[in-house]
Amino acid sequence: QCGKLLLNYCVENDINLQSSIMLNSPYKRTQRTANLINQSLKITQKASYILCEYQKGIDNKDITIPTNGLLEKIYNILCQKENCIDESPTEIVLRAKVFINSLKKLNYENVFIVSHYGFIRALDIALLNKPISTYFNGPKIKNCSIKHYILKGNICTFINDVDNIFTIGK
C-alpha cells in the first residue's frame, strides 16, 4: 500500500520515475520496506551503507553483511560489536552532507531514500542548513513519511512533507 501511495504522489507531482533510483539502508527491515515500495515504483534500487545508523551493539542478524571489498571493510570498522563507533548527531549530520555530495555525482533526476529516523533527521538538517539542536528537538518523522526536496547545485528547496502516509501494523 505504501508503494502505491508513493507512486500516486509521484504521478500527482509529475516526478519522472524513468530517471530515478532508490537508495536504502542495508538493514533487513529497511530492505524489506524498500522492496515493497519498489514493487510499485519499479526503479533501480541499491543498498547504501552510508544510510545506516551505526550504533554500539548493532546485531549482525539485523543487517545484510557485505562480503566483498571496500563495503566489507567499512562494515568491519563501523559495525562490529567489539569496536562499534557511537556517532554523535554532529557526526551523523556530517555523514549526511557527504551523502548529499555523493548524490551530485549520480546521473539520476530523482533519488528516493529509504532509511531510518536518525539518518533522515540528519539529512533534513544537512539539506536545509538547520541547527544541529533540531536533531533532538525537531518535529518527529513518522514511519513511511514522504519528505520531498529539490536539490539543484547547492540550493535545496523543501517542497512537501506528507506525514505518515502509511503506518506499518495499523
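Quick note: numbers below take in every heavy atom, side chains included, and nothing from hydrogens, waters or symmetry partners.
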- Message: Are L106 and L23 packed together at the side-chain level, in the sense that at least one heavy-atom pair is separated by less than 4.5 angstrom?
- Response: yes
d(N107 CG, S19 OG) to nearest 0.5 Å is 8.5 Å
Closest heavy-atom pair, C10 versus F112, reported as atoms and distance to 0.1 Å, is SG-CZ, 3.6 Å
Item checked: Within one Ile-Leu-Val-Met-Phe-Trp-Tyr cluster: L128 and L94, side-chain cutoff 4.5 Å -> no
Taking every heavy atom of A122 against every heavy atom of I92, the minimum-distance pair comes out as CB-CG2, 3.3 Å
Note to self: Between L123 and Y149, is there a side-chain heavy-atom distance shorter than 4.5 Å?
What the structure shows: no
CG (L41) and CG (N110) are apart, to the nearest 0.5 Å, by 10.5 Å
One should read off an interatomic distance between K4 NZ and Q39 CD, to the nearest 0.5 angstrom, of 9.5 Å
Keeping the roles fixed (side chain from N35, backbone from Q31), state whether a donor-acceptor pair exists under 3.5 Å. yes
One should read off an interatomic distance between T30 OG1 and N24 CG, to the nearest 0.5 angstrom, of 7.0 Å
**Joint hydrophobic cluster, I125 plus I100, side-chain heavy atoms closer than 4.5 Å** = yes
Minimal heavy-atom distance between L7 and S40, with the atoms involved, is CD2-O, 3.9 Å
Answer with yes or no whether the hydrophobic clustering places Y9 together with L36; edges join I, L, V, M, F, W, Y residues whose side-chain heavy atoms lie under 4.5 Å apart.
no
Minimal heavy-atom distance between L17 and I43, with the atoms involved, is O-CG2, 3.4 Å
**Prompt:** So, the side chain of N13 versus the backbone of I15: is there a donor-acceptor pair under 3.5 Å, distance only?
**Reply:** no
Value for OG1 (T44) from CG (N38), rounded to nearest 0.5 Å, stands at 8.5 Å
In this structure, CG of L151 is separated from OG1 of T157 (nearest 0.5 Å) by 8.5 Å
